[in-house]
2 protein chains.
Amino acid sequence: MAETGTTTPRERYRAQVRAEVKERAWEQIATAGASALSLNAIAKQMGMSGPALYRYFAGRDELITELVRDAYRSLADAFRASSAAGGGLTGLAHTLRAWALDDPHRYFLVYGTPVPGYHAPDDVTTIASEIMTALLDACADLPADGPPSPLAAHLEGLGDQWTSGHPAPPAALHRALSCWTRLHGVLSLELAGHFTGMGFDPELLFAAELTTLTGRPTD
Amino acid sequence: MAETGTTTPRERYRAQVRAEVKERAWEQIATAGASALSLNAIAKQMGMSGPALYRYFAGRDELITELVRDAYRSLADAFRASSAAGGGLTGLAHTLRAWALDDPHRYFLVYGTPVPGYHAPDDVTTIASEIMTALLDACADLPADGPPSPLAAHLEGLGDQWTSGHPAPPAALHRALSCWTRLHGVLSLELAGHFTGMGFDPELLFAAELTTLTGRPTD
DNA sequence: AGATTTAGTTAGAGGCTATCACGAAGGTTA
DNA sequence: TAACCTTCGTGATAGCCTCTAACTAAATCT
C-alpha cells in the first residue's frame with residue numbers, strides 16, 4: 001500500500017525479514033529475558049540456518065540495540081499520547097505503569113541492569129530526552145510546594161545541561177527526578193518479583209507514591 | 001567418624017577451593033557483570049581445567065545462587081552494624097548507598113533484573129526479611145506524620161504476612177516500603193548509568209529523597 | 001598393607017556467536 | 001535474450017560456553 005518512491009522489492013523483503021526477526025526476538029525476550037536471546041534459535045524458528053541472520057543484523061548486539069531503541073520509542077510514543085490527552089502527571093504515571101506491566105522484560109531492557117559492554121547510541125539518548133521532556137512538562141504544570149530544596153539550587157546552577165533548554169523552574173526539575181526515581185523504584189521491584197509473598201497490592205504502593213508526587217490523592 | 005566441630009583436612013581444602021572460586025567469580029562479576037560469569041574461565045584462572053569445578057559446584061546456577069546469598073548476607077550484616085551503631089533511618093540509607101557503590105554489580109545481583117529461570121532459595125528470603133526488619137525498626141522509631149494513607153489501611157488489613165510479627169504500626173510499614181522503593185529508585189538508576197550526561201550529583205538526589213522520608217534534612 | 005573415597009584429567013555432546021567461501025537465486029543492463 | 005552483478009542462504013569452521021562420562025591418580029580410612 002504505502003508506495004514510497006524508493007523502495008525496491010529487495011528492500012521491502014529485507015525490511016520484512018528484519019521485522020520478523022525482531023518479532024521473534026520480542027517473543028523470546030518476553031519468555032526468557034534478554035540474556036537468553038539467541039540469533040541461532042530465531043533463525044531456526046524462521047526456517048533458515050544460523051549465519052543467514054548476519055545478513056540482516058551485524059550481530060547479537062545490533063539486534064539488542066534495535067530492540068532497545070524500539071522499546072524507548074514505544075514508551076516515548078505512549079508518553080506523547082498521554083500528554084496529548086491532557087492526563088497530566090497522573091496520566092503519565094499510569095501510562096508508565098501500564099507500559100511496564102504490558103511487557104516487564106521490555107521495561108528491564110530500558111531501565112534494568114545494564115549490559116556490561118553495551119553503550120547506547122546517540123538516537124536512543126535523544127528519545128530518552130523526549131521522554132524526560134514529557135515528564136518535565138507535566139511537572140512544570142503543577143504548583144510549587146514546600147521550601148526550595150538544596151537539590152533544586154544545585155540543579156539551577158547547572159544550567160540546561162540535561163533539560164535541553166526546557167523552561168521549567170528548578171523545583172520542577174527536582175520533582176521530575178523524584179517522579180522518575182520513585183515510580184521506577186516501585187515498578188522495578190514489583191516487576192522483579194521482590195514483593196511476591198508480601199501479600200500487599202503493589203498498585204496501592206504505586207498510587208501512594210504518586211500521591212506524594214502530585215500532592216493530591218489519585219483518582 | 002569426626003565429632004561435631006572438627007573439620008577434616010579434605011573439608012578444609014574443599015572449603016578453601018570453594019572460597020577461591022567465589023572470589024574469582026566476584027572479580028569477574030565486578031568487571032563484566034553476572035551474565036558474563038564463566039566457570040570455565042575461573043577454572044583456567046585457577047590453573048585447572050574446565051570440568052574440575054563441577055566437583056565443587058553443581059553448576060553455574062548453584063555458584064550464582066551462592067553469590068546471591070553472600071550478597072544478601074553482606075547487606076544484612078551491614079544493616080545490622082548500622083542499626084547497632086544507632087544511626088537510625090539516615091544511617092541505614094547511607095549504609096545502603098555505600099554498600100551499593102562499593103560494588104554495583106553486587107547490588108544488581110540482589111535488586112536488579114531477575115534471571116528468568118532462577119528462583120531464590122528459602123534462606124535467601126530469610127535474610128531478606130532480616131534486612132526488612134532492620135528497616136522496619138528504623139521506621140517505627142520515627143514519629144508519624146500526615147494523615148493515615150489508604151495503603152497503610154490496606155497493610156493493616158493484611159496482618160503480619162510479611163512483617164513476620166513485627167510490631168510496627170501500619171504507617172511505619174508504609175514508610176518502610178516508601179523508603180525501600182525510593183532509595184532503590186535513585187540507586188538503581190544511578191548505578192545503571194541513567195544519570196550520566198545530566199551533570200547533576202546523584203548523591204544530592206539521594207539525600208533529597210532521604211529528607212522526604214525522614215522529614216528532617218540529612219546531616 | 002589393601003580398600004575406598006575423592007580430585008583432577010581428557011573426551012565428547014550440544015549449545016552459542018561469528019566469519020568465510022561457495023552456490024543459487026534475484027534484479028539490472030547491454 | 002544473454003550477460004552481469006548484487007544479494008541471499010548454505011555448510012564448514014573456529015572458538016567460546018555448560019555439563020556428562022569414563023578414567024587416572026592421589027589422599028584417606030580400616
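Chain naming here is simple, since letters A, B, ... match the order of the sequence lines and numbering starts at 1 in each.
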Between the protein and nucleotides 26-28 of chain D, which nitrogen or oxygen pairs come in under 3.5 angstrom?
none

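Interface residues of residues 13-24 of chain A facing DNA chain D, ordered by number: A:Tyr13, A:Arg14; criterion, heavy-atom separation under 4.0 Å. DNA chain C lies under 4.0 Å from at least one heavy atom of each of the following residues of residues 54-69 of chain B: B:Arg55, B:Tyr56.
Here the two rings, on B:Tyr111 and A:His194, have centers that are under 6.0 Å apart.
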For salt bridge (charged side-chain N to carboxylate O under 4.0 Å, His left out), just list the numbers for A:Arg73 and A:Glu130, CA-CA rounded to whole Å, side-chain angles, deciding distance to a tenth of an Å, and then say yes or no.
-> CA-CA 9 Å; A:Arg73 182 78 270 152; A:Glu130 191 178 314; 2.7 Å; yes

Can you check side chain to side chain contact (heavy atoms under 4.5 Å, CB included) on B:Thr181 and A:Leu187, steps first, answer last?
-> CA-CA 9 Å; B:Thr181 55; A:Leu187 280 177; over 6 Å; no

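Between B:Leu39 and A:Met48, the residue whose closest nucleotide on DNA chain D is further toward the 5' end is A:Met48.
The closest side-chain donor-acceptor pair between A:His184 and B:Ser188 falls under 3.5 angstrom. Side chains of B:Ser178 and A:Glu209: a donor-acceptor N/O pair is present below 3.5 angstrom, by distance only.
Taking a cutoff of 4.0 Å between a charged side-chain nitrogen and a carboxylate oxygen, B:Lys22 and B:Glu27 do not qualify as a salt bridge. With respect to B:Glu190 and B:Arg97, a salt bridge is recorded, a charged nitrogen being found less than 4.0 Å from a carboxylate O.
Here the CG atom belonging to B:Leu155 is positioned 8.5 Å from the CG atom belonging to A:Leu205, to the nearest 0.5 angstrom.
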